[in-house]
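To keep things clear, I will list the structure first and then write my remarks on it.
We count residues from 1, following the sequence as given.
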Amino acid sequence: MRDPRLTRRRFLAVTSASTAAGGLLTTSSTGSSTGSSTGSSTGSSTGSAGGRLATKSTGRADAVTRDLTEAVLAAFERHRLVAIGESHGQQEHGDAQQMLLADPRLPQVVDDIVVEFGNALYQPIVDRFVAGAAVDDHVLRQVWRNTTQSPGATGDQPIREQFFRTVRAVNWTLPAERRIRVLLGDPPIDWSHITTQDQVDVFLAQRDAHMASVVKREVLAKKRRALICYGSGHVMHSPQPGQNADHAVPLIEEQTGRHVYVIVAGSHPRLATCPRRTVIPCSGSWLESTDAGQFMNAPRLCGFPLGRLADAVLYLGQLTELTQPLWNPAIFLDPVYWAELQRRNAINGGLIDLEPYRQQQPITLPAPPPVSCVAANRDH
């Protein structure tokens with residue numbers, strides 16, 4: 001009989017594909033519709049290193065493509081909040097993120113970076129670390145290891161630690177008033193006090209509302225500007241009133257009336273001629289009306305025009321070109337850490353097969369389940 005537990009590799013395949021969906025079809029009595037409306041029929045893609053992408057057959061000028069850094073800098077000229085949605089488990093997203101952080105122009109437009117991969121319980125630790133203070137490694141690791149997503153996602157991939165160390169390095173040369181602050185968006189779960197799934201569920205239910213409250217309190221109320229780095233499902237606009245209203249960015253937009261400029265990572269065969277790490281605005285191109293479910297490999301998004309969910313797309317390459325950042329299996333030979341992961345997994349019902357953590361894994365990205373929006377739309 002097949003083991004019903006998820007392997008770590010299968011967990012990544014499922015969560016990467018479903019990150020975009022993220023419960024999008026939930027409804028509430030309130031909500032706001034943001035983003036662009038659906039467009040008309042599309043033309044063929046002629047995107048290239050020249051920085052142009054063919055538009056719809058509306059006669060509008062070609063959509064200008066930019067690399068990620070240029071796109072983010074331009075977005076901050078008109079918005080106080082810019083969100084970059086990722087499909088989890090992609091090395092190329094981490095690479096693009098590192099290039100963005102290393103650009104010396106970023107601290108001129110960004111005060112804070114809000115991240116999903118950090119437990120708010122440890123905010124004082126991160127504040128000290130990115131400001132240049134000495135923080136022991138075993139203390140710092142708690143930030144990404146002890147989130148609500150453990151043990152399915154431990155944060156032990158190198159890209160997570162690299163993020164915090166890069167911000168620290170960037171801050172090294174800056175005056176105190178210009179240093180970037182990292183805000184930890186995951187709810188402050190204290191695993192040392194967790195013994196039941198019901199206790200975990202309390203924090204899981206707070207994930208989006210907590211991030212929205214952090215942005216409102218620490219960024220907007222202080223008249224600061226923030227870059228939001230989260231899974232795409234948390235940052236996409238509501239496609240129409242009442243849908244996706246309980247997710248982080250729609251909550252922020254509804255409660256503050258402030259538009260968040262949203263860039264989501266995705267891929268499509270028609271983007272194959274575009275340079276990798278290219279950002280393409282949805283408005284004015286065929287992306288505006290393309291089916292979001294097909295584009296983001298997320299069945300629950302089938303039938304929604306991409307332009308309603310995002311302002312722009314970050315193209316990192318075709319799915320067959322993408323790789324995953326891998327942890328060092330030796331990390332999980334620590335008997336104390338391993339025992340704690342097993343304890344958490346038992347609390348969660350033993351759903352994750354932890355053994356692959358201790359094994360060398362291929363860097364190729366697990367193939368996500370195929371998505372057919374034609375069938376999905378027929379079933380609606």
Side-chain angles (χ1 to χ4, degrees), residues 8 11-12 15-16 19 68 84 86-103 106-107 110 112-174 179-189 191 211 227-231 265 316 322-334 336-338 340-341 344 354 356-361 363 365:
R8 172 61 180 165
F11 177 84
L12 277 176
T15 55
S16 292
T19 290
L68 177 61
I84 303 176
E86 71 171 66
S87 294
H88 296 315
Q90 294 183 359
Q91 177 65 49
E92 287 71 20
H93 192 101
D95 294 341
Q97 189 178 72
Q98 287 289 307
M99 294 178 67
L100 173 62
L101 294 175
D103 194 290
L106 189 68
V110 171
D112 308 304
I113 303 178
V114 187
V115 299
E116 180 180 8
F117 45 88
N119 182 340
L121 185 67
Y122 306 104
Q123 186 65 55
I125 292 174
V126 163
D127 284 342
R128 295 200 307 273
F129 181 75
V130 300
V135 176
D136 289 336
D137 287 346
H138 74 276
V139 174
L140 183 64
R141 285 194 292 265
Q142 297 176 97
V143 171
W144 55 83
R145 283 186 173 181
N146 291 343
T147 71
T148 59
Q149 302 305 286
S150 180
T154 67
D156 285 302
Q157 303 98 320
I159 60 173
R160 298 313 188 200
E161 183 171 355
Q162 286 171 355
F163 169 87
F164 293 103
R165 294 194 180 278
T166 299
V167 174
R168 175 187 169 96
V170 168
N171 283 342
W172 187 265
T173 60
L174 299 174
R179 290 174 186 160
I180 295 174
R181 187 184 185 199
V182 176
L183 295 170
L184 306 178
D186 202 55
I189 188 172
W191 277 102
M211 188 268 264
L227 178 67
I228 300 172
C229 296
Y230 255 71
L316 297 170
L322 301 178
T323 60
Q324 58 178 332
L326 293 174
W327 54 88
N328 181 349
I331 290 172
F332 302 97
L333 298 180
D334 177 348
V336 175
Y337 184 36
W338 187 247
E340 175 60 16
L341 290 178
R344 296 177 189 180
L354 299 180
Y357 278 132
R358 289 179 156 183
Q359 302 164 3
Q360 195 68 47
Q361 302 294 323
I363 66 167
L365 201 65

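The residue from Val139, Val130, Leu184 that alone fulfils the side-chain contact (heavy atoms from CB on, under 4.5 Å) condition with Ile125 is Val139. The residue from Asp156, Asn119, Thr154 that alone fulfils the side chain to side chain donor-acceptor pair (under 3.5 Å) condition with Arg145 is Asp156.
Scanning all heavy atoms of the two residues, the minimum distance from Ser150 to Leu341 falls at OG-CD2, 3.8 Å. Here the closest heavy-atom approach between residue Pro151 and residue Arg344 is recorded as CD-CB, 4.0 Å. The two residues Ser87 and Ala265 make their nearest non-hydrogen contact at OG-O, 4.2 Å.
For the atom pair CD of Gln359 and CG of Leu354, the computed distance is 11.0 Å after rounding to the nearest 0.5 Å. For the atom pair CZ of Phe117 and CD of Gln149, the computed distance is 13.0 Å after rounding to the nearest 0.5 Å. Here CG of Leu365 is found 6.0 Å from CG of Leu322. Values are rounded to the nearest 0.5 Å. If you take SG on Cys229 and CG on Leu100, they are separated by 7.5 Å, rounding to the nearest 0.5 Å. One distance of note links CD of Glu86 with CG of Leu316; it measures 10.0 Å at 0.5 Å rounding. Distance OG1/Thr147 to CD/Gln142: 12.5 Å, rounded to 0.5 Å.
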Leu106/Val170 under side chain to side chain contact (heavy atoms under 4.5 Å, CB included): CA gap, chis, key distance, verdict: CA-CA 10 Å; Leu106 189 68; Val170 168; over 6 Å; no
Side chain to side chain contact (heavy atoms under 4.5 Å, CB included) between Glu340 and Asn146, intermediate numbers included: CA-CA 10 Å; Glu340 175 60 16; Asn146 291 343; 5.9 Å; no
Candidate pair Arg181 and Gln123, rule side chain to side chain contact (heavy atoms under 4.5 Å, CB included), full reasoning: CA-CA 10 Å; Arg181 187 184 185 199; Gln123 186 65 55; 3.9 Å; yes
Trace of the side chain to side chain contact (heavy atoms under 4.5 Å, CB included) decision for Ile180 with Leu227: CA-CA 10 Å; Ile180 295 174; Leu227 178 67; over 6 Å; no
Gln91 and Thr323: CA distance, side-chain angles, deciding distance, side-chain hydrogen bond (donor to acceptor under 3.5 Å, both in side chains) verdict: CA-CA 6 Å; Gln91 177 65 49; Thr323 60; 5.7 Å; no
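Looking only at distances, no side-chain donor or acceptor of Asn171 sits under 3.5 Å from a matching main-chain atom of Gly132. A donor-acceptor contact shorter than 3.5 Å links the side chain of Glu116 to the backbone of Gly231. Checking side-chain atoms of Gln157 against main-chain N and O of Gly89 turns up no donor-acceptor pair under 3.5 Å. At least one donor-acceptor pair closer than 3.5 Å links the side chain of Tyr230 to the backbone N or O of Gly185. A side-chain donor-acceptor contact under 3.5 Å links Arg168 to the backbone of Ala133. The main-chain N or O of His93 is never found under 3.5 Å from a side-chain atom of Gln98 such that the two would form a donor-acceptor pair.
No side-chain heavy atom of Gln97 sits less than 4.5 Å from a side-chain heavy atom of Ile84. Taking the side chain as every heavy atom from C-beta outward, Tyr122 and Phe129 never approach each other to under 4.5 Å.
Taking the six-membered ring for Trp and the full ring otherwise, the centers of Trp144 and Phe164 sit less than 6.0 Å from each other.
A salt bridge links Arg165 to Asp137: at least one charged side-chain nitrogen sits closer than 4.0 Å to a carboxylate oxygen.
By the 30° and 60° cut-offs, the orientation of the rings of Phe332 relative to Tyr357 is parallel.
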